[in-house]
Amino acid sequence: MTTSTPLQMHPTLDQLLSTLNTNQHQAVTAHPFSKLQIIAGPGTGKTKVITSRVAYLLLDAKIPPENIIVTTFTKKAANEMIERLRTMLDNMNLDKLMIGTFHSICFRLIMRYGKPLGLSGFGIADERDKEFYVKEILNELNAEERELFSGREGEKFKGGGKTSLEPVLIPGPVISLISSLKSQGITSDQYSQSPSKDKCLSLLYSHYQSKLQENRVLDFDDCLLKCHELVSKFPLTNIEHVLVDEFQDTNEIQLQLMYKFGTNVTIVGDPDQSIYAFRNAQVINFQKMIDYYQRQNQQCSIITLDHNYRSTNDILIFSESVMKQEKERKSKQLVSQHTNDFGSPIYAQLKSEYQEAKWIALQITTLLSLPTTPIHPQDIAILVRSAYQTRVIETELNSNGIPYHMIRGKAFWSRKEVTVMMDYLRIIANENDRVAVLRTINYPKRGIGEKTLEKIDEYLKLDVNHSVYEKLRFAVQGGVNLSSKVQSNISKYLNTIQQAKEKLDALRDDHTKLPELFDFITSEFELTKEWEPSQVENINEIKKLLSEFTPPSPDDDIPPKNILGQFIDSMGLNEAVEEQKQSRHAHYKGQVALSTIHGAKGLEWPVVFVPGLSDGLLPSIMAIKANTQEAIDEERRCLYVALTRAKLLLYVSWYVEDGDKEERQSWRMQVTDPSRFIEFIKNKDKKTGLVHIFRQKDKVKSLYEILGKRCPDFDLDEFNTVYKEKMNSILNPFNPKGIVDGCDNGADKKVGFQSASDVIHTTQNKKQKFEPGNESVTNKLGGTQPHRKGLYGNLTKDKIKPMLRKTGTQLISKPSNNKAPPYVPSRRPGSSLGTKRVSGPLALPSIANRGKGGTMGQYQRE
DNA sequence: TTTGAATCCGTTAGT
DNA sequence: CGGATTCAAA
């Protein structure tokens, strides 16, 4: 199938190919002008294969880089791939290789060629913008249109009928239904002509599109849809090969785009790892692709990679037994290339999320306290289904002095301070960003409330010949009737924008000065003083991204936006350089990774924890409620992805809550059952994970060896005794037997049952902060202990707060600094763990973090 | 009319 | 818990 004999091959390529196994070799060297599916299970060298295939196309088939499109799932994956390629082919200029996410490639194409469609200079509407626009169109419906919604078709758009008798139209369903249509490639025009259309939806879809058009923005789905329209009308003529990575996560419009991009395609993916159906991804694309080419009498070859280089066989068997439960699945035979095995996953059933977190912390400290341990924090990951699950774990890691790092998800970008900052950058970059103006004009408070805002917005919508910025100037100069206070406040706001714009112009394209501009904005708009230290930290993350930002390929004939505008587009597509190439490793070094399963896709660690294997968490409550096989299957694949991230040691755990004995976050549904996906281990030893590799000296030895260290001689039995005692103190915290290493853990001191007078103080002038969730008590050993139920009788916090307020009494709490807020990236908690501790007081919470800036602070009110 | 506090309410992943 | 909504006080 190769186009040349090995002798004629490029020496680099030759060398490259020699490192591949038979299947990989076959996949890489498949005919360049053909259709190919590579089914790549976890750890089968997928990235290596796709990268080598690109190299093969460049070197052997001599396809110029600009004639190849490679789509990846994330910008990060694209960066990694291009780095690998640069290393492989050090002298080749790859700047023109079209590589990136579908969204960014499409956006680039639209920027470059979109003029005939009237799309030049468009920006990106993010999720918040979408919601803003949808709310707007719902408010702008006239009486006649509103009438449409009284029928059955309108039902699904209604909600919130609890408080007001009149049901209200809500944006959620509108957004997701429109998105679903778009990802199937259905435009609003097409939909409005469909005989089976939903009249309400069709109406909203049209309004929504006009709204986007008016504001000159594209939403994520539009990037794909409009690009499809573009390449249909004006085909790309130069593209000789299209490669699609993570094919299992493509949706219909992406499949159609792939067909349109070029006739020769290579796709790589794994149906078992399809976990993005919520974004309308469809596994059926594998079959659709085959059928599509079949209809054109063209063959689509399939190559399956089955050598797993990542995980031990035990881990593979375990993961496979999870997947086996899925009906109608083509079972896969992954063969581990490991010769060592460390036994089946270590597991435990616990009583609460707190206990589970403690269990995890114990496992980690145990691993890290092995003599000359071969395992470092950066070798460990904790993967959860939902982002909020990290909170309890973070707290526990903090109090054990375990350094960790959050792999950032969407949550970071929806933090208040982050969105505000982005909005401010947007108004500086773009005179016409109405939404950003409306969202910043009263933050910080400038005395502009709902009514005034309405008046202003009405005025802003009037005249299309002036920019939003100009119109706002006119408004202050008398266009809108405003109080003098508001008038002067807005003037000041506008003047600061003006100054910032001038600064932006002055720095031209010198992006090294962007941080200065950034500081100017935060100080002049008086943003910093609105924020807690931890929020400022988040803002500095943006500043860092801004200073690291390099605009993409300036040699293009794209009408240039200013550099800030380019930065914002890039952020809108979530593709800002997350971390620069080399510093990435240094940055994460010495830190445990904490991530959602979705965020961990494509990554691997020697040690992986998968907690929260309870019904309602995984499968998530939403999937259970949806009550469809597809939803449950997707959750199962999610688990599969999590499990297959592990190379050597896999820890799984779950908890079941019995009644209200344990403190629970009351707003969450009680977890009562282990996950249905792990039925098959429930029958085994249920007692909790005392089953451990440390039982066998030879396993411990080979663990050291495989990690490139020599196992020192040490007393494993003694090590295990310590471990078991600590385990006991977690499982039975009030049992005196849990006393470890001669340290009295205070079982006789009624930990957790102190009197109310300990926490309630009468204060006079001193304004005290009430920190929800922080009323923990410090016990005599320096450990913190959450309040137990019963402390305030039947009173809940919500009830007690106003009572205290009325009597001039306030609830105060000891600043507890080891509480972790959700989603705050990379805090470095105190000292890192020593590696030499063998039998140190692991069960005791570290006090290293005490006294540092309160991390719950960001939710306080003054 | 704006603001801050009280209260209600939902519950997922992220290009 | 935290966002949205409602209520009450400036």
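In what follows, chains are A, B, ... by sequence order, proteins preceding strands, each numbered from 1.
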Quiz prompt | Note: A/Glu131-A/Lys135 ion pair, threshold 4.0 Å (strictly below) | solution = yes

Quiz item: Excluding sequence neighbours, so at least two apart, what forms salt bridge (Lys or Arg N to Asp or Glu O under 4.0 Å) with A/Glu127?
Solution: A/Lys130

Exercise. Take the protein atom NZ of A/Lys135 and the nucleotide atom C1' of C/dT5, then report the distance between them rounded to whole Å.
Key: 11 Å

Quiz item: Expressed in angstrom and rounded to an integer, what is the separation of A/Gln389 atom CD from C/dC1 atom P?
Solution: 17 Å

Practice problem: Provide, to the nearest angstrom, the distance between the CG atom belonging to A/Asp222 and the C1' atom belonging to B/dT15. | Solution: 14 Å

Exercise. Please work out if A/Glu450 contacts a base, only the sugar-phosphate, or nothing of the nucleic acid, heavy-atom cut-off 4.0 Å.
Key: sugar-phosphate

Self-check item: Under the ring pair (Phe, Tyr, Trp, His ring centres under 6.0 Å) test, residues paired with A/Phe609 that sit two or more places apart
Solution: A/Tyr651

Self-check item: 5' priority, DNA chain B, between A/Arg446 and A/Glu634 [closest heavy atom]
Solution: A/Arg446

Self-check item: Nucleotide nearest A/Met669 (side chain, heavy atoms from C-beta), chosen from B/dT11, B/dG14, B/dT15
Solution: B/dT11

Quiz item: If the P atom of B/dA13 is compared with that of C/dA4, how far apart are they to the nearest Å?
Solution: 16 Å

Quiz item: According to a strict under-4.0 Å criterion, is A/Arg391 in side-chain N/O contact with OP1 or OP2 of C/dG2?
Solution: yes

Practice problem: Nearest whole angstrom, please: distance from the P of C/dG3 to the OH of A/Tyr443. | Solution: 12 Å

Quiz item: To the nearest angstrom, how far is A/Ile407 atom CD1 from B/dA13 atom C1'?
Solution: 14 Å

Exercise. Give one of base, sugar-phosphate or nothing for A/Ile448, where a contact means two heavy atoms less than 4.0 Å apart.
Key: sugar-phosphate

Practice problem: Report yes if a donor N or O on one partner sits less than 3.5 Å from an acceptor N or O on the other, where the partners are the side chain of A/Arg385 and the base of B/dT12; otherwise report no. | Solution: yes

Quiz prompt | Centroid separation A/Phe73 to A/Tyr276 less than 6.0 Å | solution = yes

Quiz item: Is any side-chain N of the basic residue among A/Arg279 and A/Asp249 closer than 4.0 Å to the acidic one's carboxylate O?
Solution: no

Quiz item: Using the rule for Phe, Tyr, His and the six-membered ring of Trp, do A/Phe278 and B/dA13 stack at under 5.5 Å and under 30°?
Solution: yes

Exercise. Could you tell me whether the side chains of A/Glu246 and A/Gln248 share a donor-acceptor contact shorter than 3.5 Å?
Key: yes

Self-check item: Distance in angstrom units between A/Phe73 CZ and B/dG14 C1', rounded
Solution: 7 Å

Practice problem: Between B/dA13, B/dT3, C/dC1, spot the one nearest the side chain of A/Asn442, thanks. | Solution: B/dT3

Quiz item: When the distance from CH2 of A/Trp413 to C1' of B/dA13 is rounded to whole Å, what number comes out?
Solution: 18 Å

Practice problem: Return the 5'-most residue of the pair A/Thr452, A/Ser620 with respect to DNA chain B, ranking by each residue's nearest nucleotide. | Solution: A/Thr452

Practice problem: Check every atom of B/dT2, B/dT12, B/dT11 against the side chain of A/Glu635 and return the nucleotide holding the closest atom. | Solution: B/dT12

Quiz item: Tell me: CG of A/Asn280 to P of B/dA13, nearest whole Å?
Solution: 17 Å

Quiz item: Which nucleotide, B/dT12, C/dC1, B/dG14, lies nearest any side-chain atom of A/Met622?
Solution: B/dT12

Quiz item: Quick one: is A/Lys445 getting a side-chain N or O under 4.0 Å of the B/dG4 phosphate, OP1 or OP2?
Solution: yes

Quiz item: Can you tell which of C/dG2, B/dA13, B/dT3 lies closest to the side chain of A/His598?
Solution: B/dA13

